[in-house]
2 protein chains.
Amino acid sequence: MTETRLDAVKLDGAGPVYDQIRRAIRDLVVSGEWQPGTSVPPEHALMEQLGASRMTVHRALVQLAREGLITRRRRSGTVVATPPASHAMLDILSIPEEVRQLGQAYAYEVLARTDGRPSPEVAELFGLKRSDKVAHLIVLHRADGKPHVLEERVIHAAGVTGLADENFAETPPGDWLLQHSLWSQAEHAISAIGAGEEQAALLDIAVGEPCLLVERRTWNQSHPVTAVRLLYPGFRHRFVGRFGPYGAA
Amino acid sequence: MTETRLDAVKLDGAGPVYDQIRRAIRDLVVSGEWQPGTSVPPEHALMEQLGASRMTVHRALVQLAREGLITRRRRSGTVVATPPASHAMLDILSIPEEVRQLGQAYAYEVLARTDGRPSPEVAELFGLKRSDKVAHLIVLHRADGKPHVLEERVIHAAGVTGLADENFAETPPGDWLLQHSLWSQAEHAISAIGAGEEQAALLDIAVGEPCLLVERRTWNQSHPVTAVRLLYPGFRHRFVGRFGPYGAA
DNA sequence: ACTTGCCAATTGCATATGCAATTGGATAGC
DNA sequence: GCTATCCAATTGCATATGCAATTGGCAAGT
């Protein structure tokens, strides 16, 4: 268990004390300075370090715990939480999970991989320099043997360690990246598009068949990590969410 | 401003006191017993009624305020909030707003309206009895004069007051419903589909052109309110969301 | 070794208290 | 009437204090 530096917690004098404390610790967590798994100083230590009462420190920590950034247990103390993986529909989805939750058998094939410079379009789409190194992958995911979704992915080599040595034989790139990279920002877009010739052939559908296109771009500290286009045959796919006026059900 | 009954707040003895208070009030709000706009008793009153200290009551109220169920202001007191209308992409969207946020001029036409019994398909889709009364509407929304989205909507007359007298000349049905009905549950599905003949003609696109189909069904206390199918031409539409591992950005 | 029991560290919760900030409404003055 | 002023109701915040609950790890005993 890595150590956290107590003196890294600093107040900025803006607003209520409990909120200053909350923000200070949140920033340390979100910036990655306090890694998941490291232990947060106990309330007494923070109390002395910051010159606040224990209840005030407590209030900040309780709130952070409710927000899911830290987890707390009596006696063992407080530790930085590992970020939650998934958030209903908008989320970073794991395709294997998605398929298995439908009760179907999952399989995938890496159809192509090229390592090198990004093409102009890719560089544009992704905000990369032509000189950056990227891996370009095309993966077909199957559910019960039938084509389920076509994945086209670009990975920025500089943002991920071990990319060159990974051949994605065991784990599809999306899941592999979840374990080997960090992300702090993502953008997610859904649109409808007709299948192109190659795409239709791979997905075993007719050319022009309506498909759902999910495009996702991911950054770590404004540093591109990966961009992916997922093409789902429309007629066999819907994204469903259920919720109430006061939040997801 | 309607009054709230103080003695409606009852603790159930389960778990921490502050949480009992929070749940008690939350239930009164969510169940509709305390309507939006009504004022919540001040901390002192709750404190006496419940035999808890002010700080404990305070804690419950602060948390409810953070969750958005109530709003609090010094001196004026605490009132039940009107439920928030929108939540990023998954939300109950107002199409006029959506269009205006794109900086385009909004207009709409009600193309058809029939009041009567639901067709078998509609009844099926919506979980209605054949004997229920419904209104069936077809509305075309335009942005800068061009067709933007085709709306097909079924409204359950029993769930909405004033439906028969409304002709939707001033306000499109989606927005009108937001003001004249309550909902406690919604389901939202996104898929891709090719435009049918009539749809294509209305949207001024080619038959078979890929479209985003958003289907939403809404209930109030497990009681159907409305169901809607929104058909967006795919090539001029994408739903975008931005977020981080700790929530929306 | 292995088990049992105990202690102390740590968080969870509630209370009592005091003061600050905001502001609706009453009151006084014009 | 109209305005300026003040007061009191209400929430916001911080502290000090005490006890409860949990449990990691040590110590003692077998």
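Only this structure's heavy atoms are used, side chains among them; waters, hydrogens and symmetry mates stay out.
To the nearest angstrom, C1' of dT15(D) lies 13 Å from CD1 of I21(A). The CD-P distance, from E48(A) to dT10(C), rounds to 12 Å in whole Å. L11(B) has its CG atom 15 Å from the P atom of dC13(C), to the nearest Å. The interatomic distance linking H44(B) (NE2) with dA16(C) (P) rounds to 12 Å, in whole Å. Atom C1' of nucleotide dA14(D) and atom CG of L50(A) are separated by 14 Å, given to the nearest angstrom. Atom CD in Q20(A) sits about 12 Å away from atom P in dC13(D), given to the nearest Å. With rounding to whole Å, L64(A) atom CG is found 15 Å from dT11(C) atom C1'.
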Could you walk me through whether D115(B) and R113(B) pass the salt bridge (Lys or Arg N to Asp or Glu O under 4.0 Å) check? CA-CA 7 Å; D115(B) 290 83; R113(B) 171 175 183 168; 2.8 Å; yes
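Of the two residues near DNA chain C, M47(B) and H58(A), the one whose nearest nucleotide lies more 5' is H58(A). Mapping P42(B) and M55(B) onto DNA chain D via the closest heavy atom, the residue that lands nearer the 5' end is P42(B).
One can find a donor-acceptor pair under 3.5 Å joining the base of dG12(C) and the side-chain atoms of R54(A). Donor-acceptor pairing under 3.5 Å, judged by distance alone, is present between the side chain of R74(A) and the base of dT11(C).
Side-chain proximity of R75(A) to the nucleotides dC13(D), dC13(C), dG24(D) is greatest for dG24(D). Minimum atom distance to the side chain of S76(A) is reached by dT23(D), of the listed dT23(D), dC13(D), dA14(C). Nearest nucleotide to the E43(A) side chain, out of dG12(C), dT11(D), dT15(D): dG12(C).
Using a 4.0 Å cut-off between a side-chain N of Lys or Arg and a carboxylate O of Asp or Glu, R23(B) and D19(B) qualify as a salt bridge.
Between E48(A) and H44(A), the closest side-chain pair of non-hydrogen atoms is not below 4.5 Å. Side-chain atoms of L163(B) and H180(B), non-hydrogen and from C-beta on, never get closer than 4.5 Å to each other.
Using a 4.0 Å heavy-atom distance criterion, G51(A) is classed as a sugar-phosphate-only contact. Backbone-only engagement by R73(B) is indicated by non-hydrogen atom pairs under 4.0 Å involving sugar-phosphate atoms exclusively.
Residue Y18(A) places no side-chain N or O under 4.0 Å from the OP1 or OP2 atom of dA14(D). Phosphate proximity of dT10(D) to R72(B): absent, as no side-chain N or O sits under 4.0 Å from OP1 or OP2. For the pair T56(B) and dT15(C), the criterion of a side-chain N or O lying under 4.0 Å from OP1 or OP2 is met.
With rounding to the nearest 0.5 Å, the separation of CD1 in I95(A) from OH in Y232(A) is 4.5 Å.
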